[in-house]
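Quick notes on the structure that follows.
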Amino acid sequence: MDLGECLKVHDLALRADYEIASKKQDFFFELDAMDHLQSFISDCDRRTDIAKKRLADTQEEISAEVAAKAERVHELNEEIGKLLAKAEQLGAEGNVEESQTVMDEVEKTRIQKREAEEIYRNSMPASSFQQQKLRVCEVCSAYLGLHDNDRRLADHFGGKLHLGFIEIREKLDVLKRLVAEKKERRNQDRLKRREERDREERDKLKKRSRSRERRKRQSRSSSRDRKRKTRSRSRETHHRPKSHSGSRSRSRSHHRSRDRSRDRSSKAKSSRDKERSSKDRVSRDHSRDRERKHKRNNESTNGKPESRSSEELEAGEI
């Protein structure tokens with residue numbers, strides 16, 4: 001087919017590198033190749049359907065029995081053409097013996113074809129039998145004649161167009177199987193990942209629940225221990241004598257508090273004594289002054305002189 005020059009790079013080294021790398025990782029270029037080849041096959045099948053409809057409109061209608069006989073002749077023609085193409089290929093490769101065996105098969109098929117044509121001729125009138133009965137090739141959508149000779153059939157079935165579509169269809173089937181397998185593996189991997197994630201989440205939830213339960217148990221046990229300790233302490237304080245070490249520490253603290261209170265009381269007493277002594281001195285001085293005044297008044301009333309020595313006055317002031 002005249003498709004023009006391919007724009008891609010055809011390099012065997014790159015292909016080998018890709019085949020090696022695809023073993024380690026799936027790049028899914030097979031999916032692109034499958035879509036590309038599927039476009040050729042879809043186009044060919046579309047042309048085949050159109051050609052069949054055209055032949056059905058132009059050719060005379062025949063009965064189902066006659067159509068089956070004509071189909072048998074077409075099948076034998078196709079088989080002869082394939083065998084001839086195979087024999088030519090083997091001869092070109094140098095396999096003479098195999099090519100000869102294929103040619104023997106061609107002769108047998110020709111005999112079968114003559115018998116089928118005779119049956120088909122007897123089932124139809126001579127006028128309609130002479131008309132060219134065409135058929136559409138299911139592989140490459142080309143027209144085939146019921147009365148084509150062997151050379152024409154060999155050229156068709158050994159041609160590049162027919163062989164190319166055979167190779168495309170075979171490759172497309174291989175790619176479909178390969179892509180289906182890879183998709184299945186990918187789906188399985190996804191399911192495994194999901195299961196692993198779910199398993200990890202479940203394990204995390206279990207660990208969290210276990211840690212919470214442990215914390216609750218620890219808190220309960222600690223609260224119980226505290227209650228037990230408080231109960232035991234209360235019982236010890238009510239029913240059991242105090243321990244020697246505890247009494248010593250308590251007595252020491254009690255003695256210290258007593259000493260502190262004594263020091264405070266002694267300080268307070270000393271301050272009080274000082275105040276009292278100062279008050280007593282002041283009262284004594286006042287009483288002495290009063291006595292002196294009283295004596296002076298008595299002396300003045302009695303007529304005695306108020307003469308005193310300086311020493312007495314100083315002693316009185318003191």
Side-chain angles (χ1 to χ4, degrees), residues 1-6 8 10-16 18-19 30 33-34 36-38 40-45 47-48 51-52 55 67-123 129-178:
M1 297 177 69
D2 188 9
L3 298 176
E5 188 177 358
C6 184
K8 298 185 181 297
H10 296 265
D11 191 355
L12 295 177
L14 293 176
R15 183 173 182 176
Y18 168 72
E19 289 176 353
E30 292 84 2
M34 186 183 71
H36 189 60
L37 296 180
Q38 185 64 48
F40 287 108
I41 300 301
S42 299
D43 190 18
C44 179
D45 293 340
R47 289 198 306 270
T48 302
K52 285 181 179 179
L55 291 175
K69 293 176 181 179
E71 186 69 23
R72 177 59 180 166
V73 175
H74 281 297
E75 289 177 357
L76 292 171
N77 283 335
E78 185 175 352
E79 188 175 354
I80 289 169
K82 290 179 180 179
L83 290 172
L84 288 172
K86 185 177 180 181
E88 289 179 0
Q89 185 179 0
L90 291 171
E93 292 176 357
N95 298 323
V96 180
E97 294 180 357
E98 294 181 3
S99 178
Q100 190 63 36
T101 55
V102 173
M103 289 302 295
D104 295 337
E105 293 179 3
V106 169
E107 292 298 329
K108 293 178 183 178
T109 309
R110 282 174 180 171
I111 295 169
Q112 294 176 3
K113 178 188 173 183
R114 292 192 196 101
E115 294 175 356
E117 285 179 349
E118 188 68 24
I119 295 169
Y120 174 66
R121 185 183 295 110
N122 294 329
S123 63
F129 179 76
Q130 294 297 327
Q131 293 179 0
Q132 179 73 322
K133 294 295 181 180
L134 297 177
R135 184 191 175 202
V136 182
C137 181
E138 299 289 340
V139 177
C140 61
S141 71
Y143 288 104
L144 296 174
L146 185 64
H147 304 293
D148 289 339
N149 56 14
D150 295 342
R151 185 71 262 169
R152 169 76 173 83
L153 295 173
D155 291 339
H156 171 75
F157 291 106
K160 292 182 180 179
L161 187 65
H162 187 83
L163 295 176
F165 271 104
I166 290 173
E167 188 175 356
I168 287 172
R169 291 179 185 276
E170 291 176 354
K171 184 67 175 179
L172 184 60
D173 293 336
V174 173
L175 289 175
K176 284 181 179 179
R177 290 194 297 270
L178 184 62

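Scope of the values below: all heavy atoms of this structure, side chains included, with no hydrogens, waters or symmetry mates. FYI, the numbering just counts along the sequence from 1.
The NE2 atom of His156 lies 5.0 Å from the NE2 atom of His162; values are rounded to the nearest 0.5 Å. Taken to the nearest 0.5 Å, the CD1 atom of Ile166 stands 10.0 Å off from the CG atom of Leu161. Here Glu79 contributes atom CD and Gln112 contributes atom CD; the two are 6.5 Å apart, rounded to the nearest 0.5 Å. Summarising the geometry, atom CZ belonging to Arg169 is positioned 9.0 Å from atom SG belonging to Cys140; distances are rounded to the nearest 0.5 Å. A distance of 11.5 Å separates CG in Leu14 from CD in Glu19, rounded to the nearest 0.5 Å. To the nearest 0.5 Å, atom CD1 of residue Ile168 and atom CD of residue Gln38 are 11.0 Å apart.
Using a 4.5 Å heavy-atom threshold, the side chains of Phe157 and Val139 count as separate. For the pair Glu138 and Asp45, the minimum side-chain heavy-atom distance is 4.5 Å or more. Taking the side chain as every heavy atom from C-beta outward, Gln100 and Asp104 approach each other to under 4.5 Å.
Closest approach of Leu144 to Cys137, counting heavy atoms only: CD1-CB, 4.2 Å. Here the shortest heavy-atom pairing between Phe40 and Phe165 reads O-CE2, 4.1 Å. Closest non-hydrogen pair, Val102 versus Ala87, comes out as CG1-CB, 3.7 Å. Contact between Arg110 and Glu107 at its shortest, heavy atoms only, is NH1-OE2, 2.9 Å. Of all the heavy atoms in Ile80 and Lys113, the pair that sits closest is CD1-CD, 3.8 Å. Annotation for Ala85 and Ala154: closest pair CB-O, 4.4 Å, computed over non-hydrogen atoms.
Note on Lys86 versus Glu105: no salt bridge recorded, every NZ/NE/NH1/NH2 to OD/OE distance being 4.0 Å or above. Ionic pairing of Lys171 and Glu30 is not present here: no N-O contact between side-chain nitrogen and carboxylate oxygen is shorter than 4.0 angstrom. Electrostatic pairing of Asp43 and Arg47 counts as a salt bridge here, judged by a charged N lying under 4.0 Å from a carboxylate O. Ion pairing between Lys82 and Glu78 holds under the 4.0 Å rule for side-chain N and carboxylate O.
Tested against Leu153, the residues Leu76, Asn77, Leu83 include a single side chain to side chain contact (heavy atoms under 4.5 Å, CB included) partner, Asn77.
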### Task
Any chance you could lay out the side chain to side chain contact (heavy atoms under 4.5 Å, CB included) test for Met103 and Leu84, step after step, and finish with the verdict?
CA-CA 7 Å; Met103 289 302 295; Leu84 288 172; 4.0 Å; yes
### Task
Please step through side chain to side chain contact (heavy atoms under 4.5 Å, CB included) for the pair Lys176 and Leu172, ending with a clear verdict.
CA-CA 6 Å; Lys176 284 181 179 179; Leu172 184 60; 3.9 Å; yes
